[in-house]
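Numbers here simply count residues along the sequence, with the first being 1.
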Amino acid sequence: MKLFTEIATHCINKNISTNSFEILPEVIRQHTDWDYTYRQKPTGCSLKPTFRNMPYRNSFVPEIDIVISNRDSQTELQMIGQPVKFVRVFMALWFSFLLAMEVFFVILAITSNLDSLFPLFIPLAMCAFGYLLCKFATKATFNSVVKAIKKEFY
């Protein structure tokens, strides 16, 4: 879901080889207590959370793709974070369920004389709560990982 994608760009004032970024999982672990696995990609690297090593299951720890580009005497990191696949699938099902629930309540309100329109707002409130929970939690954890990476390389 691109709805919860976060992007950050960081420039380092020296050229750094892609191999230097293999230390990122250890850097992130030191600064945030989250474990990541590192995978080399043609454009940079990919960091995926390793849940089995975490003392708790924080589903909002994002997957991070880092696109590395060397220009002149600088290295530019573009970090793109999004929730893990489990959270994306769960939120898609959650929003689908709420949409179906809203349609049901609208049909119910049209076909019967409801004294209150309060039931129409329940799915909308649940949708807003789910969106805010996922958006803010993913953004907060992504920002802490980006901060750890910036602290290491600057």
Using 0.5 Å steps for rounding, measure from the [atom1] atom of [X] to the [atom2] atom of [Y].
{"X": "Asp65", "Y": "Arg39", "atom1": "CG", "atom2": "CZ", "answer": "7.5 Å"}
{"X": "Cys11", "Y": "Leu77", "atom1": "SG", "atom2": "CG", "answer": "8.0 Å"}
{"X": "Glu6", "Y": "Ile80", "atom1": "CD", "atom2": "CD1", "answer": "11.5 Å"}
{"X": "Met126", "Y": "Leu124", "atom1": "CE", "atom2": "CG", "answer": "10.5 Å"}

Is there a chain of hydrophobic side chains (I, L, V, M, F, W, Y, each step under 4.5 Å between heavy atoms) that links [X] to [Y]?
{"X": "Phe97", "Y": "Phe4", "answer": "yes"}
{"X": "Leu120", "Y": "Leu99", "answer": "no"}
{"X": "Leu108", "Y": "Met101", "answer": "yes"}
{"X": "Ile122", "Y": "Ile107", "answer": "no"}
{"X": "Trp94", "Y": "Val103", "answer": "no"}

Query raised in the report: So Phe90 and Phe86, would you call those rings parallel, tilted or perpendicular, with 30° and 60° as cut-offs?
Result: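 It falls in the parallel class, under 30°.
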
**Asked** Is the closest side-chain heavy-atom distance between Ile149 and Leu24 below 4.5 Å?
**Response** yes

Can you find a pair of side-chain heavy atoms, one from Glu63 and one from Pro49, that are under 4.5 Å apart?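 Side-chain contact under 4.5 Å: yes.
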
Nearest non-hydrogen partners of [X] and [Y], listed with the distance:
{"X": "Pro83", "Y": "Arg88", "result": "O-NH1, 3.3 Å"}
{"X": "Ile66", "Y": "Ile64", "result": "CG1-CG2, 3.9 Å"}
{"X": "Val87", "Y": "Cys134", "result": "CG1-SG, 3.8 Å"}
{"X": "Leu117", "Y": "Ala109", "result": "CD2-CB, 4.4 Å"}
{"X": "Pro62", "Y": "Tyr36", "result": "O-OH, 2.7 Å"}
{"X": "Pro119", "Y": "Phe105", "result": "O-CD1, 3.2 Å"}

Checklist entry - So, does Thr141 use its side chain to make a donor-acceptor pair with the main chain of Thr138 at under 3.5 Å? => result yes

* With sequence neighbours excluded, what pairs up with Glu22 under the salt bridge (charged side-chain N to carboxylate O under 4.0 Å, His left out) test? ->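 Partners of Glu22 under the salt bridge (charged side-chain N to carboxylate O under 4.0 Å, His left out) test: none.
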
